[in-house]
Amino acid sequence: MLDPQLIRNELDNVASMLKKRGMNLDTNTIQELEDKRKVIQIRTEELQSLRNSKSKEIGKIKGQGGDAGEVMKEVADIKSELDKSAVDLENVQSLLTAIMQAIPNIPHESVPDGNSEDDNEEIRKWGSPKTFDFEPKDHVDLGEQSGLIDFEVATKITSSRFVVMKGDIARLHRALIQLMIDTHSSEHGYTEVNVPYLVNAESCLGTGQLPKFEEDLFHIEKHNFYLIPTAEVPVTNIARDEIIDANDMPLKFVCHSPCFRSEAGSYGKDTRGMIRQHQFEKVEMVQLVKPEDSYIALEELTGHAEAILQKLDLPYRVVALCGGDLGFSAAKTYDLEVWLPGQQKYREISSCSNFEAFQARRMKARWRNPETNKAELLHTLNGSGLAVGRTLIAVMENFQNKDGSITIPEVLRIYMNNQTVIK
RNA sequence: GGAGAGGUGGCAGAGCGGUUGAAUGCACCGGUCUUGAAAACCGGCAAGGGUUUAUAGCCCUUCGUGGGUUCAAAUCCCACCCUCUCCGCCA
């Protein structure tokens, strides 16, 4: 959520900054509601104040053994007007909140202009697409050949967009998780956490999945819990309603978790293979930092994700998302795109974002600023480090051999009993 | 799932219908003392919102959450959530 004060005081300015996203803010409606709110709120609070002082008077009179009948009558009149005014206020305010919660974050000034992913700006490239002296297969064909990836049985067990991995592929998948967590915790200073995969509605509200994106989530109605679409939700919410000591900042967490996404609106997109699943695993990095540090932190965090790709010797590029492609809560996002020989394309494998105070405001995640000695909103960031399923695909496709076997990257071998190849 | 106890400011912990937004302690900030520090002493210190040029004043709201009773609720009633103890079940 944006700062309501900012929206109130600089409505036109906010609207023009949101244009970068291709969003047209309905400033007239907001201004109208806002004007209404002001009048009603002032009146309501006046009445409350009056009621309070009169009630105190009654207390005083009664304490002295007097007759408070007349004052009590006055209060009764105040009350009936107050009740009506309070209802009006609540109506206007709930309308305003609904609008405010649906307003996305303001893009950082460095975010490139543009409407779609075609307008994203390539920042840098690492490595170059591998050349093969044979026609490279995609991971589906490779998995089918070895029999170690089974989509059909997963469809039987649950439905489409699920997968069963077996044997060395399942193990390779697990090895990737180990590599990522170990690297981030021992080399990049993150604290490993293990968190709930079911969260309540407040947590989803905190990170911005609710109220706007309910249809993307799996919901357990009986308990009103949501399956996490990313570890970002439970991990970032560690700081919800907390005031973090300045000495403990920045807080850096790394977390492996399954992610559940209903992929509503993505039907027909990436239906082949493991690119887009209802359930996948991800290693997520989350940082809670002082506001002044958040853009340096974004660069670092992106570098931490890149380090994994470099260790795996996977060619990739970094793109800065343009305004139109930016996620709802993010002020700035770098996507890491890995080269997939099977598709002859760079595909997203990580997304690293600075949310500034957007999530923190919703979560009341604050820190004690020693300079002001006040609790102030902190900044939140997160990034995939990396999406495990997609990394598995990338390894399979980039390290495939002519016979369909897969060479295991050096760094993973210690997690695989020094095995060198998967047949 | 059953029985009991409880949820109050950054933390601990009083208050159990009316000058209580909340005693007290700790933490924190400022000061005195000190070569400096500690100790001691003095003072300050909740959050959110509205109004406003204002981080000044004034006002409103908040004692788990939501409802109710009352002129008045942290205090009484109801529902829900959570925590703790005991019992049951269980990886």
Side-chain angles (χ1 to χ4, degrees), chain A residues 1-11 13 30-31 33-101 194 196-206 210 220-226 234 237-249 251 288 291 357 360-378:
Chain A
M1 189 147 96
L2 293 175
D3 184 356
Q5 303 259 23
L6 185 73
I7 294 176
R8 195 172 299 148
N9 298 332
E10 299 180 40
L11 186 55
N13 199 7
I30 294 174
Q31 193 60 57
L33 282 170
E34 182 49 37
D35 292 345
K36 242 188 190 166
R37 188 227 96 230
K38 189 164 170 170
V39 173
I40 299 172
Q41 181 161 359
I42 289 174
R43 181 60 185 153
T44 306
E45 292 186 357
E46 254 172 32
L47 291 166
Q48 284 173 324
S49 175
L50 210 57
R51 178 204 58 193
N52 291 345
S53 60
K54 292 281 175 192
S55 287
K56 273 187 186 163
E57 226 173 277
I58 293 170
K60 235 180 237 171
I61 295 171
K62 286 204 165 177
Q64 293 164 354
D67 175 18
E70 212 162 295
V71 191
M72 285 172 78
K73 215 176 253 174
E74 270 180 72
V75 176
D77 291 340
I78 295 167
K79 241 197 119 180
S80 65
E81 195 192 337
L82 174 59
D83 285 347
K84 196 189 151 294
S85 189
V87 170
D88 290 347
L89 180 61
E90 207 179 293
N91 287 339
V92 180
Q93 262 170 345
S94 68
L95 278 173
L96 267 171
T97 334
I99 292 174
M100 301 276 219
Q101 285 186 338
N194 188 293
Y197 304 149
L198 293 173
V199 294
N200 56 33
E202 290 79 62
S203 293
C204 294
L205 215 67
L210 288 181
I220 306 205
E221 280 178 38
K222 187 178 168 194
H223 301 276
N224 198 24
F225 292 151
Y226 294 86
N237 272 281
I238 288 173
R240 171 151 55 90
D241 294 321
E242 300 285 342
I243 299 170
I244 314 282
D245 193 300
N247 296 320
D248 297 334
M249 309 262 281
L251 284 178
L288 307 166
R361 185 169 295 108
R362 292 178 167 220
M363 287 195 298
K364 289 200 196 70
R366 293 168 300 174
W367 67 298
R368 181 80 59 188
N369 185 344
E371 282 177 27
T372 60
N373 206 27
K374 292 250 172 199
E376 297 172 8
L377 295 174
L378 46 76

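Side-chain atoms are counted along with the backbone in the values below, which use heavy atoms only and exclude waters and symmetry mates. In the text below, chain A, chain B and the rest are named by the order of the sequence lines, each starting its count at 1.
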> So do the side chains of A:Leu11 and A:Ile30 get within less than 4.5 Å of each other, counting heavy atoms only?
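Counting from C-beta outward, A:Leu11 and A:Ile30 do come under 4.5 Å.
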> Taking the same atom, P, in B:rC11 and in B:rG17, what whole-Å distance lies between them?
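Pairwise P distance, B:rC11 against B:rG17, rounds to 27 Å.
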> Say you pick atom C1' in B:rG9 and the same atom in B:rC26; how far apart are they, in whole Å?
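13 Å, rounded to whole Å.
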> Within the sub-3.5 Å range, which N or O atoms of nucleotides 89-91 of chain B have a protein N or O partner, and how far apart are they?
none

> Could you walk me through whether A:Gln48 and A:Asn52 pass the side-chain hydrogen bond (donor to acceptor under 3.5 Å, both in side chains) check?
CA-CA 6 Å; A:Gln48 284 173 324; A:Asn52 291 345; over 6 Å; no
> What residues from residues 75-91 of chain A pass a heavy-atom cutoff of under 4.0 Å to RNA chain B?
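Close to the strand are A:Val75, A:Lys79.
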> Do A:Pro291 and A:Trp367 make a side-chain contact, defined as non-hydrogen atoms from C-beta onward lying under 4.5 Å apart?
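A side-chain contact under 4.5 Å exists here.
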> Taking atom P in both B:rG43 and B:rU83, compute the distance separating them and give it to the nearest angstrom.
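Per the computed distance, 42 Å lies between those P atoms.
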> Determine all donor-acceptor pairs shorter than 3.5 Å in which one atom belongs to a side chain in residues 38-45 of chain A; sequence neighbours excluded.
| residue | atom | partner | partner atom | Å |
| --- | --- | --- | --- | --- |
| A:Gln41 | OE1 | A:Arg37 | NE | 2.9 |
| A:Gln41 | NE2 | A:Glu45 | OE2 | 3.2 |
| A:Arg43 | NE | A:Glu81 | OE2 | 3.1 |
| A:Arg43 | NH1 | A:Glu46 | OE1 | 2.8 |
| A:Arg43 | NH2 | A:Glu81 | OE1 | 3.1 |
| A:Arg43 | NH2 | A:Glu81 | OE2 | 3.0 |
| A:Thr44 | OG1 | A:Ile40 | O | 2.6 |
| A:Thr44 | OG1 | A:Ser85 | OG | 2.8 |

> Using whole Å, what does the distance between atom P of nucleotide B:rC82 and atom CZ of A:Arg240 come to?
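That distance rounds to 13 Å.
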> If you measure from CD1 on A:Ile220 to CG on A:Leu198, what distance do you get to the nearest 0.5 Å?
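Going from CD1 on A:Ile220 over to CG on A:Leu198, the span is 5.0 Å.
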> Are A:Tyr197 and A:Val199 close enough that some pair of their side-chain heavy atoms sits under 4.5 Å apart?
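No. Closest side-chain heavy atoms not under 4.5 Å.
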> Measure from CG on A:Leu198 to P on B:rC81 and round the result to the nearest Å.
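For the pair A:Leu198 CG and B:rC81 P, the rounded distance is 17 Å.
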> Grab the CZ-P distance between A:Arg43 and B:rG49 for me, whole Å please.
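Between P of B:rG49 and CZ of A:Arg43: 24 Å.
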> Holding to side chain to side chain donor-acceptor pair (under 3.5 Å), I want the full list of residues that pass it with A:Asp83, two or more places apart in sequence or in another chain.
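Not a single residue meets the side chain to side chain donor-acceptor pair (under 3.5 Å) criterion with A:Asp83.
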> How many angstroms lie between CE in A:Met100 and CG in A:Asp3, if you round to the nearest 0.5 Å?
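Going from the CE atom of A:Met100 to the CG atom of A:Asp3 covers 8.5 Å.
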> Can you build the contact string for nucleotides 17-22 of chain B? Use B for base contact, S for sugar-phosphate-only contact, and - for no protein heavy atom under 4.0 Å.
-B----
> For every nucleotide of nucleotides 50-58 of chain B, 5' to 3': is a protein heavy atom under 4.0 Å from its base (B), only from its sugar-phosphate (S), or from neither (-)?
SSS------
> Select from A:Glu46 and A:Ala375 the residue whose nearest nucleotide in RNA chain B is closer to the 5' end of that strand.
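Looking at RNA chain B, the more 5' nearest nucleotide goes with A:Ala375.
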> Say we look at B:rU51 and B:rA37: how far apart would their P atoms be, to the nearest angstrom?
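The answer is 45 Å between these two P atoms.
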> Under 3.5 Å, which N/O atoms of the protein pair with N/O atoms of nucleotides 61-65 of chain B?
| residue | atom | partner | partner atom | Å |
| --- | --- | --- | --- | --- |
| B:rU61 | OP1 | A:Arg51 | NH2 | 2.9 |
| B:rU61 | OP2 | A:Asn52 | ND2 | 3.3 |

> Take N1-N3 plus N6-O4 or O6-N4 for Watson-Crick, N1-O2 plus O6-N3 for G-U, both under 3.5 Å. Which runs of 3 or more such pairs involve RNA chain B?
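Stem list for RNA chain B: B:1-7 with B:81-87, B:10-12 with B:24-26, B:28-32 with B:40-44, B:46-51 with B:57-62, B:64-68 with B:76-80.
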> Figure out the CZ/P separation between A:Arg361 and B:rG48, and round it to whole Å.
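Taking CZ of A:Arg361 and P of B:rG48, I get 12 Å after rounding.
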> Where is the tightest heavy-atom contact between A:Ala201 and A:Leu210, given as atom of each residue plus distance?
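Of all heavy-atom pairs spanning A:Ala201 and A:Leu210, the closest is O-CD1, 3.9 Å.
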> Should the pair A:Glu74-A:Lys54 be classified as a salt bridge under the 4.0 Å nitrogen-to-oxygen rule?
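Yes.
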> Could you tell me how far apart A:Arg362 (CZ) and B:rG48 (C1') are, to the nearest whole angstrom?
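To the nearest whole Å, that distance equals 18 Å.
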> What distance separates A:Leu47 CG from A:Lys79 NZ, expressed to the nearest 0.5 Å?
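Answer rounded to 0.5 Å: 12.5 Å.
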> What distance separates A:Ser55 OG from A:Ile78 CD1, expressed to the nearest 0.5 Å?
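So the OG of A:Ser55 and the CD1 of A:Ile78 are separated by 8.5 Å.
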> Give every residue pair that meets the salt bridge (Lys or Arg N to Asp or Glu O under 4.0 Å) criterion with at least one member in residues 361-377 of chain A, sequence neighbours excluded.
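Listed by first then second residue: nothing to list.
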> Taking only N/O atoms, report every protein-nucleotides 10-13 of chain B pair under 3.5 Å with atom names and distance.
none

> I'd like to check the side chain to side chain donor-acceptor pair (under 3.5 Å) partners of A:Gln101; sequence neighbours left out, ordered by chain and number.
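Result, side chain to side chain donor-acceptor pair (under 3.5 Å) vs A:Gln101: none returned.
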> Please give the distance between the C1' atoms of B:rA91 and B:rG21 as a whole number of Å.
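B:rA91 and B:rG21 have their C1' atoms separated by 47 Å.
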> Using a 3.5 Å distance criterion without hydrogens, assess whether the side chain of A:Ser80 forms a donor-acceptor pair with backbone atoms of A:Asp77.
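A pair under 3.5 Å: yes.
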> Using atom P in both nucleotides, what's the gap between B:rG64 and B:rU52 to the nearest angstrom?
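Taking atom P in both B:rG64 and B:rU52, they lie 33 Å apart.
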> How far apart are the closest heavy atoms of A:Leu33 and A:Val92, and which atoms are they?
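Smallest interatomic distance, heavy atoms only, reads O-CG1, 3.5 Å.
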> Can you tell me the distance, in whole Å, between the CG atom of A:Asp241 and the P atom of B:rU8?
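To the nearest whole Å, that distance equals 14 Å.
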> Among residues at least two apart in sequence or on other chains, which ones pass side chain to side chain donor-acceptor pair (under 3.5 Å) with A:Asn200?
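A:Asn200 satisfies side chain to side chain donor-acceptor pair (under 3.5 Å) with A:Ser203 only.
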> In whole angstrom, give the distance that lies between atom NZ of A:Lys374 and atom C1' of B:rC28.
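Taking NZ of A:Lys374 and C1' of B:rC28, I get 13 Å after rounding.
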> Which distance, rounded to the nearest 0.5 Å, do you find between the CD of A:Glu202 and the CE of A:Met363?
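A:Glu202 atom CD to A:Met363 atom CE measures 13.5 Å (nearest 0.5 Å).
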> B:rU19 and B:rA38: how far apart are their P atoms, nearest whole angstrom?
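Here B:rU19 and B:rA38 have their P atoms 40 Å from each other.
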> Can you measure from CG (A:Leu288) to CG (A:Leu378) and round to the nearest 0.5 angstrom?
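If I round to the nearest 0.5 Å, the distance is 5.5 Å.
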> Roughly how many Å apart are B:rA46 and B:rA12, using the C1' atom of each and rounding to a whole number?
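Each nucleotide's C1' atom is 15 Å from the other's.
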